[in-house]
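Fair warning: this is a prediction, and the values are worked out from it, not measured in the lab.
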Amino acid sequence: MIITVDGPAAAGKGELTQRLAAHFGYARLDTGKLYRAVGLKVLGAGGDPEDEAAAVEAARALTGDDLEAPGLRSEDAALSASKVAAIPAVRDVLLEFQRGFAAAPPGGAEGAVFDGRDTGTVVIPDAPAKLFLTASPEVRATRRVKQLQEQGTEAIYGRVLQELKERDARDTSRKVAPLKPAEDALVIDPSHLDADAVYAAALEFISAKAPD
Ligand code: CDP
């Protein structure tokens with residue numbers, strides 16, 4: 001069983017996918033982490049994230065340690081991620097890893113929950129249960145400022161909002177795997193729902209798609 005949860009930054013995908021994975025005993029893949037790790041690796045090597053050769057080399061050389069690198073959650077890593085993510089050859093390298101994860105979820109889990117931008121449209125297009133979380137940039141920027149502050153990073157609302165909008169624009173307008181809901185996805189706007197209500201709506205949808 002594969003569940004995909006896509007959507008723009010800071011819409012609440014992380015919390016929802018963690019709860020779903022815990023509930024079903026499935027493995028979880030935060031696909032954004034892969035792009036962040038590539039983006040950070042390019043920056044760390046003094047490269048330009050828009051340079052295809054540098055970005056592809058970083059994607060091919062990705063290690064488990066890169067996925068735990070300090071600074072992965074920074075806004076610099078996020079911006080760099082969205083630049084490497086627009087390069088088709090980088091996406092190809094990461095696609096292979098993601099499909100392997102879906103085919104054989106680690107730990108012998110019977111399913112996987114994917115968190116990303118294109119996991120229901122491109123990575124696992126035949127996933128039985130697809131969700132798309134979205135909210136206004138302002139609602140998402142408020143959420144992201146809180147998250148950054150909780151991790152001890154000083155965050156200025158106006159700057160976070162501007163960076164989210166810049167990433168949204170790049171993610172939705174790129175030619176390969178642009179950010180958009182799959183046709184068969186349930187779209188949830190959590191602006192006026194608390195996390196429990198979003199979780200309940202997701203569970204109801206998934207149960208209807210894959211009754212046990
Ligand atoms: O945590 P947040 O939602 O801010 O971002 P993320 O999920 O860590 O993703 C960082 C960036 O990676 C996004 O802005 C996208 O450009 C890219 N990404 C992607 O292109 N495809 C994915 N499946 C996941 C992330």
List the steps and the verdict of salt bridge (charged side-chain N to carboxylate O under 4.0 Å, His left out) for Lys41 and Asp66. CA-CA 7 Å; Lys41 207 172 167 74; Asp66 293 323; 2.9 Å; yes
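- Note on residues 42-61: no pairs pass ring pair (Phe, Tyr, Trp, His ring centres under 6.0 Å), not counting sequence neighbours.
- Pairs passing the salt bridge (charged side-chain N to carboxylate O under 4.0 Å, His left out) check and including a residue from residues 91-104, sequence neighbours excluded, read Arg91-Asp118.
- Under a hydrophobic-cluster definition in which Ile, Leu, Val, Met, Phe, Trp and Tyr are linked whenever side-chain heavy atoms come within less than 4.5 Å, directly or via other members, Leu179 and Leu16 are assigned to different clusters.
- For the pair Asp6 and Pro181, the minimum side-chain heavy-atom distance is 4.5 Å or more.
- Applying the ring pair (Phe, Tyr, Trp, His ring centres under 6.0 Å) test to pairs two or more places apart or on separate chains, those with a residue in residues 89-112 are Phe101-Phe114.
- Listed for the Lys13 side chain is a donor-acceptor partner under 3.5 Å among the backbone atoms of Gly7.
- Pro137 has its side chain within reach of Leu161: a pair of non-hydrogen atoms, C-beta onward, lies under 4.5 Å apart.
- Proximity of Glu75 to Leu79: side-chain heavy atoms (C-beta onward) are nowhere separated by under 4.5 Å.
- Partners of Asp189 under the side chain to side chain donor-acceptor pair (under 3.5 Å) rule, at least two apart in sequence or in another chain, are Ser191.
- Side-chain contact between Asp48 and Val42: absent, with no pair of heavy atoms (C-beta onward) separated by less than 4.5 Å.
- Between the Ser207 side chain and the Leu203 main chain, a donor and an acceptor come within less than 3.5 Å of each other.
- Looking at residues two or more places apart in sequence or on another chain, you find a side-chain contact (heavy atoms from CB on, under 4.5 Å) between Thr134 and Pro8, Phe132, Val187.
- Inter-residue side-chain proximity for Val93 and Leu95 is flagged as unmet; no heavy-atom pair is nearer than 4.5 Å.
- Counting heavy atoms from C-beta outward, Val113 and Leu29 have side chains that stay 4.5 Å or more apart.
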Set out, in order, the CA-CA distance, both residues' side-chain angles and the distance that settles salt bridge (charged side-chain N to carboxylate O under 4.0 Å, His left out) for Glu163 and Arg167, then state yes or no. CA-CA 6 Å; Glu163 284 175 359; Arg167 268 202 296 145; over 6 Å; no
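- There is a side-chain donor-acceptor pair under 3.5 Å between Arg144 and Gln147.
- Of the inter-residue distances, the one linking Ile87 atom CD1 with Lys175 atom NZ reads 13.0 Å to the nearest 0.5 angstrom.
- Within the structure, salt bridge (charged side-chain N to carboxylate O under 4.0 Å, His left out) pairs that include any residue of residues 17-28 comprise Arg19-Asp196, Arg28-Asp115 (at least two apart or interchain).
- In this structure, OG1 in Thr153 is found 10.5 Å from CZ in Arg73, a value given to the nearest 0.5 Å.
- Within 6.0 Å of CD in Glu204 there are 12 or fewer heavy atoms belonging to other residues, nucleotides or ligands.
- To the nearest 0.5 Å, the span separating CG on Leu133 from CZ on Arg140 amounts to 10.5 Å.
- Leu193 and Ile206 fall within the same hydrophobic cluster, where Ile, Leu, Val, Met, Phe, Trp and Tyr residues are linked whenever their side-chain heavy atoms come under 4.5 Å apart, directly or through other members.
- With a 6.0 Å radius and a threshold of 12 heavy atoms from other residues, nucleotides or ligands, Glu183 has its CD atom at or below the threshold.
- Between Met1 and Ile3, some side-chain heavy-atom pair lies under the 4.5 Å cut-off.
- Using a 4.5 Å cut-off on side-chain heavy atoms (C-beta onward), Lys165 and Glu138 make contact.
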Assess whether salt bridge (charged side-chain N to carboxylate O under 4.0 Å, His left out) is satisfied between Asp30 and Arg36, documenting all intermediate values. CA-CA 10 Å; Asp30 173 0; Arg36 284 174 178 261; over 6 Å; no
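- Expressed to the nearest 0.5 Å, how far CZ of Arg117 lies from OG1 of Thr172 amounts to 10.5 Å.
- Rounded to the nearest 0.5 Å, atoms NZ (Lys130) and CG (Leu186) are 12.5 Å apart.
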